[in-house]
Amino acid sequence: MKDNFFQRVYEVVRQVPHGRVTTYGLIANSLGTRGSARMVGWAMNACHGEDDIPAHRVINRQGLLTGKHHFGQINLMQQLLESEGIEVIDDQVQNLEKLLWDPSKELDMRV
DNA sequence: TATGTGACATCAA
DNA sequence: CTTGATGCCACAT
């Protein structure tokens with residue numbers, strides 16, 4: 001099982017640098033499925049069955065912690081981000097463009 | 001088999 | 001500027 005699609009998403013998320021964040025659209029874009037950012041979120045929904053998936057580093061285009069509700073505890077996601085040195089205010093990541101990590105750009109996923 | 005849903009993104013009005 | 005509607009692909013029922 002584990003379609004390559006999901007594994008790809010997990011792998012990218014795992015490779016997100018510490019203290020850095022990425023967005024669903026960016027991941028979806030790097031996967032080659034631009035616009036299907038939902039699949040990234042959907043994959044994350046299944047990330048509970050995976051091991052170490054820093055889903056808290058994955059946020060939406062607005063830098064909003066949309067998926068915080070799925071961490072089991074709403075404050076948890078913000079706590080984790082702040083713990084990494086990321087400034088989060090009102091469930092929103094500050095300096096998003098500075099912390100934003102583009103896998104298709106920073107990561108050479110030629111294959 | 002078909003329908004609905006989903007942690008989003010983008011376009012149009 | 002804001003709000004609404006559509007698309008995307010995979011999974012669940």
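Naming: A, B, ... by sequence-line order, numbering from 1 per chain.
- Atoms CG and OG1, from A:Leu96 and A:Thr23 in turn, are 8.0 Å apart once rounded to the nearest 0.5 Å.
- For A:Met44 and C:dA10, the CE to P distance is 16 Å, given to the nearest whole Å.
- Within 4.0 Å (heavy atoms only), A:Ala46 reaches no atom of the nucleic acid at all.
- Between the side chains of A:Gln79 and A:His56, not a single donor N or O lies within less than 3.5 Å of an accepting N or O.
- Looking at A:Glu50 and A:Arg14, a side-chain N of the basic residue comes within less than 4.0 Å of a carboxylate O on the acidic one, giving a salt bridge.
- Note on A:Asn45: a base of the nucleic acid sits closer than 4.0 angstrom, heavy atoms only.
- Candidate nucleotides B:dA7, C:dC9, B:dT10 were compared by shortest atom distance to the side chain of A:Met39, and C:dC9 ranks first.
- Here, B:dA7 and C:dT3 have their C1' atoms 22 Å apart, quoted to the whole Å.
- Among the nucleotides C:dA10, B:dA7, B:dA9, the one closest to any side-chain atom of A:Phe6 is C:dA10.
- The CG-P distance, from A:Leu26 to B:dT10, rounds to 9 Å in whole Å.
- Here B:dA7 presents its P atom at 14 Å from CD of A:Gln62, a figure rounded to the nearest Å.
- Remark: the backbone N or O of A:Lys98 is not paired with any side-chain donor or acceptor of A:Asn95 at under 3.5 angstrom.
- Computed from coordinates, the A:Gln7 CD to C:dA10 C1' distance equals 15 Å when rounded to whole Å.
- Straight-line distance from the CG atom of A:Leu81 to the C1' atom of B:dA7: 13 Å, rounded to whole Å.
- Spacing between atom NE2 of A:His70 and atom P of B:dT5 amounts to 15 Å, rounded to whole angstrom units.
- Between A:Trp42 atom CH2 and B:dG4 atom C1' there is a gap of 10 Å when expressed in whole angstrom units.
- C:dA10 atom C1' lies 16 Å from atom OH of A:Tyr24, rounded to whole Å.
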